[in-house]
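Have a look at the structure below before the remarks.
Both counts, for ligands and for their atoms, begin at 1 and track the order of listing. Atoms considered below: every heavy atom in the structure, side chains included; atoms not considered: hydrogens, waters and symmetry mates.
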Amino acid sequence: MTGRDRTSHGAEATRTLRGHREITELAAVFLAAGLVHLFTSAIGHVEQGSYALIVLSGLLVVGDLVRARRKRRSTTTDDAVPPPRHRGGTGPTAPPGGSVEDVAPLPLWRLRVSMKDTPGRLAQLAARLAALGGDIRTVHVHPTCDGVVDELLLHVPEGVTATELTEAAGEAGGERAGAVRADVRELDDVPTRSLDQATNLVEGTAELVDVLRGLLGRIEVRWSEEPADGPAESFTEDALRVSAPGGGVLRLRRDGAAFTPAEFARSRAMASLAAACRTRIPAEVRHVTVAGHPLMLRRADRHDLEPVLEFHRRCSEPTRHQRYFDTPTDSASLRRRLESGLERTLVVLTRSDGIVAVGNLSLEEDEAELALMVRDDWQRRGIGSMLCAHLVAEAESAHVRSVRALTQAHNTVIARTLRATDFGLVGAAEPGEWLWSRTTSDAVAADSPVLTSSGGQDGTGETGRR
Ligand SMILES: CC(=O)SCCNC(=O)CCNC(=O)[C@H](O)C(C)(C)COP(=O)(O)OP(=O)(O)OC[C@H]1O[C@@H](n2cnc3c(N)ncnc32)[C@H](O)[C@@H]1OP(=O)(O)O
């Protein structure tokens, strides 16, 4: 209850008390007058008026009592919203003998829900969330074509689930509710958060997909070629399409609340910024020396398509087969790896001989798959081991929890390369194949975005990331 609520409740109680007192006093006056009149009248001279006054006073008292009782009952019914829930002793109240500072911060959640734009909808939502022990910290109302999307950041007691939150939103008349855990940094207002994300893009500490997730919450992202017909960028409440910085289109979907026009505008602005960063800020080049050879290592993008194709042409057929198994490597599949922004490709170059090794990292679910190939005339010099270590570092920077690798069982060289980078054999994916895995040291991995990839293998030509 707020301070203002408390004040008005007190005034109401005062008014009720004063009413009681006035009626009781009036009844007492009637009663006294009646008794006095009776007393002073001789027996046999009883007048009707005396009895009428006494009866009237009795009726007044009884009537007032009945009214007071009814009022009390209706007040109890009106206040029937369940009291806030505090679970496991970790609610907002301080423990006995402890100060408020001793209490661990309650979990923070972001709740998005589509609502009809009617008066009182927020009050109903707030009441339902209060019943769960929710403490609303921020509310943003995003207008949509036929209503609004209410976006709330709220603390709830430990143990309250996403389902309970979305059900509460549904009971308040909401539709398509979605609830995800939020980071305390998200308590920033939207402009501040957008600027922070833009800074991450410019400084290269985040990819566009990570930035979009920071703005839109848990989304599924898929990459596809630009549509031949129709606009590359588009908005519906179910899906957004924005230009991918490396070419093609990113298709964004979100379970739960509808996308809003403001979110579309923000996403487009971020995509434009990411594209500008790509053209203005050259990829960082790392200089490494392997077995006395000075080499350069950097991320590749769509401008590297031709040299990457040339690198593949200069690798022998057995080397390509060891890398890609039976999957053909055509220009389109290599282009997708370089452009989608959902895979990371590292290239190793010499000054005079172009690309001598390529490593790929496909981001999927909360893990990544790594693969690499070294040109035949540069193998057995330590380049594969060095590239493998850099790919693992890339995976850690993408906050994935584990990295896996699929090899042909007879490929002892890649087996030694992976072992040297702390991979362990975890099983056989198919007969004649080995599956390797290692965990990353990224501490944030457990709460990190989920990544998925269909990598075009489903025939859709799309690459996806959750
Ligand atoms: C998950 C996947 O990527 S599966 C596909 C892997 N790719 C391929 O097989 C394509 C063809 N091969 C290659 O491209 C490379 O040889 C790679 C990537 C496998 C290894 O890269 P290289 O630069 O040749 O390996 P590097 O010189 O770093 O040596 C790595 C390990 O293999 C050993 N090794 C290298 N060549 C040989 C060889 N011919 N025979 C036996 N061991 C070898 C090295 O001694 C080293 O092991 P160690 O660390 O225990 O000493």
| request: Using the ring of W378 (Phe, Tyr or Trp, six-membered ring only), decide whether R381 places NZ or CZ under 6.0 Å from its centre and within 45 degrees of its axis. | output: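 Positive - R381 is close enough to the ring of W378 and near enough to its axis.
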| field | SB check D255 R112 (cutoff 4.0 Å) | value |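 No.
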| Sub-6.0 Å ring centroid separation between F259 and H142 |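 Centroid separation for F259 and H142: 6.0 Å or greater.
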| request: Indicate yes or no: at least one non-hydrogen side-chain atom of M296 is less than 4.5 angstrom from one of R351. | output: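 Sidechains of R351 and M296: in contact.
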| Is E310 atom CD crowded by more than 12 heavy atoms from other residues, nucleotides or ligands, each under 6.0 Å away? |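 Enclosed.
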| query | For the side chain of D210 and the backbone of E207, is there at least one donor-acceptor N/O pair under 3.5 Å apart? | reply |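 A pair under 3.5 Å: yes.
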| If you count only heavy atoms, which residues are under 4.0 Å from ligand 1? |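 Contacts of ligand 1 under 4.0 Å: T319, Q322, R323, L370, A371, L372, M373, V374, Q379, R380, R381, G382, I383, G384, S385, A405, L406, T407, N411, V413, I414, R416, T417, A420.
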